[in-house]
Amino acid sequence: MKNFSLSLTTKQAFDSQVSKLLSDNPSQSLYVNITDKPKKRGLPANAQQHVFYDQIAKYYDDRTPLQVKDECKFLFGLQVALSSEKLEPIVSFLIDKLNYHSYSYENQLKLMKVIVRTSDFSTKESKAYMDAIIDYYNGEGLNIRYKD
């Protein structure tokens, strides 16, 4: 029995399961650890990123959230991906094969859709990406932060 949500209403079921475990193996000792239930997670990283893109687009009023997404990938995501042991080989390959640096800024932004996939970021990389967005845009006067 693992991660049982114990409360007054579930105590009887808990006691019943413990009794069954003990009676099935009377000579085996069990270890029980009761802790406070963890706080519910905030928004998943992907949803959080889209909250940022929407806020930034509204702030500047001349960009769509999808344009902001490409800009953020260009400004912050590319660096995170190139610093990733797992993602760097494929991102470098794409940059090379697409002749990425020969394109205009506008077309480089469009290529972000295929070069940087934030859904492939690890938890640590995703946090670094979002922290960079927060730091940059807060410095621009837009007060964004994580939403719970």
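The residues of the chain are indexed from 1 along the displayed sequence.
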Ignoring hydrogens and geometry, is there a side-chain-to-backbone donor-acceptor pair from K73 to I115 under 3.5 Å?
no
Treating T10 as the side-chain partner and S7 as the backbone partner, does any N or O pair qualify as donor plus acceptor under 3.5 Å?
yes
Flag the pair [X] / [Y] as yes when at least one side-chain heavy-atom distance between them is below 4.5 Å, and no otherwise.
| X | Y | answer |
| --- | --- | --- |
| Q67 | Y60 | no |
| K69 | H50 | yes |
| C72 | I56 | yes |
| N25 | L21 | no |

Can you get from L66 to F52 by hopping between Ile, Leu, Val, Met, Phe, Trp and Tyr side chains that sit under 4.5 Å apart?
no
Please say yes or no: joined through hydrophobic side-chain contacts below 4.5 Å, possibly via intermediate residues, are Y146 and V80 part of one cluster?
yes
Sequence neighbours excluded, which residues qualify as side chain to side chain contact (heavy atoms under 4.5 Å, CB included) partners of Q79?
S83
My understanding is that only residues two or more places apart in sequence, or in another chain, count here; which of them pass side chain to side chain contact (heavy atoms under 4.5 Å, CB included) with Q12?
none
From CA spacing to verdict: salt bridge (charged side-chain N to carboxylate O under 4.0 Å, His left out), D24, K20:
CA-CA 6 Å; D24 286 349; K20 180 170 178 5; 2.9 Å; yes
What are the two closest heavy atoms between [X] and [Y], and how far apart are they?
| X | Y | value |
| --- | --- | --- |
| E71 | Y137 | OE1-OH, 4.2 Å |
| A45 | S126 | CB-OG, 3.2 Å |
| V91 | A81 | CG2-CB, 3.8 Å |
| S84 | L87 | OG-N, 3.0 Å |

Rounded distance [0.5 Å steps], [atom1] in [X] versus [atom2] in [Y]:
| X | Y | atom1 | atom2 | value |
| --- | --- | --- | --- | --- |
| Q108 | L98 | CD | CG | 11.0 Å |
| I134 | N143 | CD1 | CG | 10.0 Å |
| F93 | E88 | CZ | CD | 12.5 Å |
| T64 | Y53 | OG1 | OH | 12.0 Å |

Can you list every pair that meets ring-ring contact (aromatic ring centres under 6.0 Å, His included) and has a residue in residues 96-125, with sequence neighbours left out?
F74-Y105, F121-Y129
Is the shortest side-chain N to carboxylate O distance from D70 to K110 below 4.0 Å?
no
Salt bridge between K11 and D15, side-chain N to carboxylate O under 4.0 Å?
yes
